[in-house]
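Read through the structure below, which is laid out as structure tokens, and then see the notes.
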Amino acid sequence: MTTHHAPGPLDAPSRPARSAHAGPGEPDPARSLAGPGAAGAGRSGPGSTGGTAADSVAGTGDSPASRSACSGAASPPGGDPVKALMHRHRELCARAVDPLEIAAALEAHGMTDRTAARFRHRDVFSLAEEMYARVPRHTSDRSAPPASAHAVPEPVAGPAAGASPSRLLTLVLLPALPGVLCAGLLAGLAQAPPGRARTLAVVAGVLAVLSAVQLCLRHGPLRSPRPAGVAVRLATLWLLGYAVLGDGLLDAAVRGGPDRLWPVDTATALGLSLAMWPAVLCARLFTGGARRRLARSRGLGEFAAATRPLLLASLTCYLAALAGLLALAGVLLGASPALAGAGALGALLLLARLLLVHGHRATPTVALATAAGVELAALCSVLASRLPGCDFLAVPAETLIEVCGAEAVPTLACAVAAFALLVRAVPALSRASAHTDPGTR
């Protein structure tokens, strides 16, 4: 760590001058990072900077200059290029509990290791270390950081959480609950006689399984800092319902039905409910591994290069576990689960949840809604083709089903959406700012 001054109060920055690194048309990063208040010494008193911690971190109220903080290069005179940057982010530096929080916030503002070099540091991490060291703070601030600081959206944090009951609950008991309830429901239905009681038991069992899934999403590594939107919930419910009921209904519709109750894919339902456990464990593996790599990394590029394989490994482990559970469910129930369709759906749901957990909402919403829309469009086109003069509507779906079977529709829809999410998730979840306090994203 490079420290130019001993810890002391922050002074107002002096008027920045264009350095030799900046070309004629390049913006001045000292002014961009320090904000308008640092443009001149006469206007840059300690109370005149335009930005709170929320402004400088979360981006609410950012000026366009702060968003383009790293587009040029300059350093203030006097051999101290960091002072204006500290003045702009003084509240962030004062409340940060470690340099990683400052580094992630700077990266979220667009700073790169190349720009940090223009501030006389080899990378963003060393720049953040100097900023952290130069801010005065009480001893108690370092020895007892607040519980919410540098927190990933997980219910358990801290070194003593390894054997805590809450960790056991969120990583073992809750994720196993959907599978246990689904298995109990299917076992009970196998013994229950047809009638109203059986129908009520089915409704109660489905609601119990969905409630257990909701508990897993509200606690543990899959908990999102903000509740998922209505579109995400509706699309997820549709995708899960179609995985269990859709193939049979679509196949019956193509054949001119349904004139009776179509078959239900119970093996897929059991396999997906059992897969909640590996989903939680793989999310924990990725989140914990990323945090450890963030602590060891010395640059943003190094952290991203170490995190990308971890994300792919976590996804691969989940898909392998899901395939095994689907095969096991098929053996137990004597049925053939939709391996391809359920696997694509599992990958789509896990990637969407990881992006939601780490503060990205737009892309998962679009991907889930698109996959659900494709499935709904295929089903509606087959049913609408029965209207006079509308036979052509069913041609695409019928052709695909004749060639690949009814399972091809959800497989294609979910696989394409999952691939698009993976392309988005690899760079988004490889950023340091994705693994800090949700309030800083």
Side-chain angles (χ1 to χ4, degrees), residues 168-223 228 232-249 261-283 317-350 352-353 368 372 375 407 410 414:
L168 177 66
L169 176 66
T170 56
L171 295 181
V172 179
L173 299 182
L174 271 183
L177 188 58
V180 171
L181 291 176
C182 186
L185 172 62
L186 295 178
L189 292 179
Q191 305 297 328
R196 180 178 297 179
R198 180 187 178 95
T199 303
L200 292 176
V202 170
V203 174
V206 170
L207 291 178
V209 173
L210 292 178
S211 299
V213 172
Q214 187 67 17
L215 283 176
C216 294
L217 299 181
R218 289 183 176 179
H219 306 277
L222 295 179
R223 181 175 68 89
V232 171
R233 296 178 182 178
L234 292 178
T236 302
L237 287 176
W238 171 267
L239 291 170
L240 291 174
Y242 193 95
V244 178
L245 302 170
D247 289 348
L249 176 59
L261 183 64
W262 60 90
V264 178
D265 195 344
T266 54
T268 298
L270 180 58
L272 288 174
S273 60
L274 290 173
M276 179 58 70
W277 193 13
V280 169
L281 294 181
C282 290
C317 290
Y318 171 72
L319 292 178
L322 176 59
L325 291 172
L326 288 169
L328 176 62
V331 171
L332 293 177
L333 299 177
S336 299
L339 287 175
L345 175 59
L348 173 61
L349 293 178
L350 180 62
R353 198 65 199 178
L368 292 173
E375 293 178 350
E407 183 186 349
C414 294

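Numbering of residues begins at 1 and proceeds along the displayed sequence.
- Of the possible polar contacts, one joining the R353 side chain to the L222 backbone as a donor-acceptor pair under 3.5 Å is found.
- Between the side chain of E407 and the backbone N or O of A340 there is at least one donor-acceptor pair closer than 3.5 Å.
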What's the verdict on side chain to side chain contact (heavy atoms under 4.5 Å, CB included) for L349 and L240, showing C-alpha distance, side-chain angles and the deciding distance? CA-CA 10 Å; L349 293 178; L240 291 174; 3.9 Å; yes

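- Proximity of P278 to L325: side-chain heavy atoms (C-beta onward) are separated by under 4.5 Å at one or more points.
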Residue pair H219, L174: steps toward the side chain to side chain contact (heavy atoms under 4.5 Å, CB included) verdict: CA-CA 9 Å; H219 306 277; L174 271 183; 4.1 Å; yes

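- Taking all atoms of both residues into account, the shortest heavy-atom contact from C216 to M276 is SG-CG, 3.8 Å.
- Remark: the backbone N or O of P337 is not paired with any side-chain donor or acceptor of T268 at under 3.5 angstrom.
- Of the listed residues (L333, L332, V264), just one forms a side chain to side chain contact (heavy atoms under 4.5 Å, CB included) with L186, and that residue is L333.
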Using side chain to side chain contact (heavy atoms under 4.5 Å, CB included), reason through L272 and L322 one step at a time and then give a plain yes or no. CA-CA 7 Å; L272 288 174; L322 176 59; 4.1 Å; yes

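- The main-chain N or O of L189 is found under 3.5 Å from a side-chain atom of R198 such that the two form a donor-acceptor pair.
- Counting only heavy atoms from C-beta outward, the side chains of L348 and L239 approach each other to under 4.5 Å.
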Could you give me the CA-CA distance, side-chain angles and deciding distance for L237 and L210, then say whether side chain to side chain contact (heavy atoms under 4.5 Å, CB included) is met? CA-CA 9 Å; L237 287 176; L210 292 178; 4.1 Å; yes

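- A 4.5 Å side-chain heavy-atom check between L368 and W238 finds every atom pair outside the cut-off.
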